[in-house]
*Asks:* 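This is the structure, below, for whatever I ask next.
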Amino acid sequence: MRRPFRRIVLTIFILFLLPLAVHGALYSMQSRAESYAAADWSSIGMLGPAGSEREARLLIFTGRTGHWRGIFAVHSWVVFKPEGAASWSRFDVVGWGEPVRKNYWAPDSHWWGMAPRVLVDVRGAAAAALIPKVETTIAHYQYNRLGDYRMWPGPNSNTFTASVLRAMPELEITLPSNAIGKDFRPAPYLGLTDSRTGIEASLFGVVGIKLGWVEGVELNFLGLVTGLDLRHPAVKLPGFGRIGVADGTALAAPAG
């Protein structure tokens, strides 16, 4: 009885806790803003004025969170503008006040002083077709009342963005494995993955397993994810996210 238990503990340590400890050590050696007030939240200069381009556009960004939370997770948000719109619309979920916030920061802002990653960037007719789905999902997001936010296991900012991506399975995009909260559901779940290219079993986003073409293989333990990216060969490790060949998404950079 003791030997199987020890094997389980050792497996959990190797797959989940050891990578997280290594990432935590590396993270602690990096220079980061000591407080919200000290961090840079300005635009990185990637997106110009909405009126400078007529076509519709839809983006999803992710950025490493601040303080100790950055060891574990990234934050994600949604940005869009319909065709001919004069302004961008940015939606985040936060942990104070009413969870869903509109245009609280610049659409392409630094997040805790660091440039974000662009996960989705769709333009033109394709974006115009998707934006109504995004707007409907945001309008009906079920965790939009004061007190609904919960950092772990969710619902949090990544739960919100995951719900938006579920409305657009044709994009075949999934949030990074270190977007803690992306797998939160209010009840045990057995069914298709968010991209509808595989199957998933999950207990409230606390423990679970996924196997799909887009999601790859993911093992979830207490919100920490270890796995493999099958489409774009890479490993997924707690804290780190994915490590491997480029997956087709881009790093946001100031306009040249």
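Values reported hereafter were calculated over all heavy atoms of this structure, with side chains retained and with hydrogens, waters and symmetry mates removed. The shown structure was predicted, so the numbers you read here are calculated from the model rather than taken from an experiment.
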*Asks:* Relative to the ring of F221, is the ring of F16 parallel (under 30°), tilted (30 to 60°) or perpendicular (over 60°)?
*Replies:* tilted

*Asks:* Taking C-beta and beyond as the side chain, do M168 and L171 meet within less than 4.5 Å on heavy atoms?
*Replies:*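 M168 vs L171: side chains touch.
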
*Asks:* Does the side chain of N144 come within less than 4.5 Å of Y149's, by heavy atoms?
*Replies:* no

*Asks:* List the residues meeting side chain to side chain donor-acceptor pair (under 3.5 Å) with R242, not counting sequence neighbours, and say none if there are none.
*Replies:*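 R242: side chain to side chain donor-acceptor pair (under 3.5 Å) contacts with D229.
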
*Asks:* Are side-chain N/O atoms of H75 and N156 paired as donor and acceptor at under 3.5 Å?
*Replies:*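 Side chains of H75 and N156: no pair found under 3.5 Å.
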
*Asks:* Verify the distance criterion only: is there a donor paired with an acceptor across the side chains of E218 and S177 at less than 3.5 Å?
*Replies:* no

*Asks:* Any donor-acceptor pair under 3.5 Å linking the side chain of D108 with the backbone of L47?
*Replies:*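 Flag set: sc D108 to bb L47 pair under 3.5 Å.
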
*Asks:* Counting distance only, does the side-chain N/O of E215 pair as donor-acceptor with the main-chain N or O of S195 below 3.5 Å?
*Replies:* yes

*Asks:* Give a yes or no on whether the ring-centroid distance for W41 and Y36 is below 6.0 angstrom.
*Replies:* yes

*Asks:* Among N220, D183, T193, whose side chain to side chain donor-acceptor pair (under 3.5 Å) with K210 holds?
*Replies:*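 The residue from N220, D183, T193 that satisfies side chain to side chain donor-acceptor pair (under 3.5 Å) with K210 turns out to be D183.
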
*Asks:* Any chance you could lay out the side chain to side chain contact (heavy atoms under 4.5 Å, CB included) test for S109 and I44, step after step, and finish with the verdict?
*Replies:* CA-CA 6 Å; S109 73; I44 64 168; over 6 Å; no

*Asks:* Just checking, is any N or O donor in the side chain of R166 or T137 under 3.5 Å from an acceptor N or O on the other one?
*Replies:* no

*Asks:* Is it possible for you to check whether R64 lies under 6.0 Å from the centre of the six-membered ring of W111, through NZ or CZ, and within 45° of that ring's axis?
*Replies:* no

*Asks:* Any salt bridge between D194 and R185, counting N to O under 4.0 Å?
*Replies:* yes

*Asks:* Taking the ring of W112 and the ring of H110, is the distance between their centroids below 6.0 Å?
*Replies:*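 For H110 and W112, the ring centres are not under 6.0 Å apart.
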
*Asks:* What residues, two or more places apart in sequence or in another chain, satisfy side chain to side chain donor-acceptor pair (under 3.5 Å) together with T62?
*Replies:*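 Residues passing side chain to side chain donor-acceptor pair (under 3.5 Å) with T62: none at all.
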
*Asks:* Given ring pair (Phe, Tyr, Trp, His ring centres under 6.0 Å), test Y141 with F160 step by step and report yes or no.
*Replies:* CA-CA 7 Å; Y141 182 62; F160 168 74; 5.1 Å; yes

*Asks:* Taking all atoms of both residues into account, what is the closest heavy-atom pair of A106 and S43, and its distance?
*Replies:* CB-CB, 4.0 Å

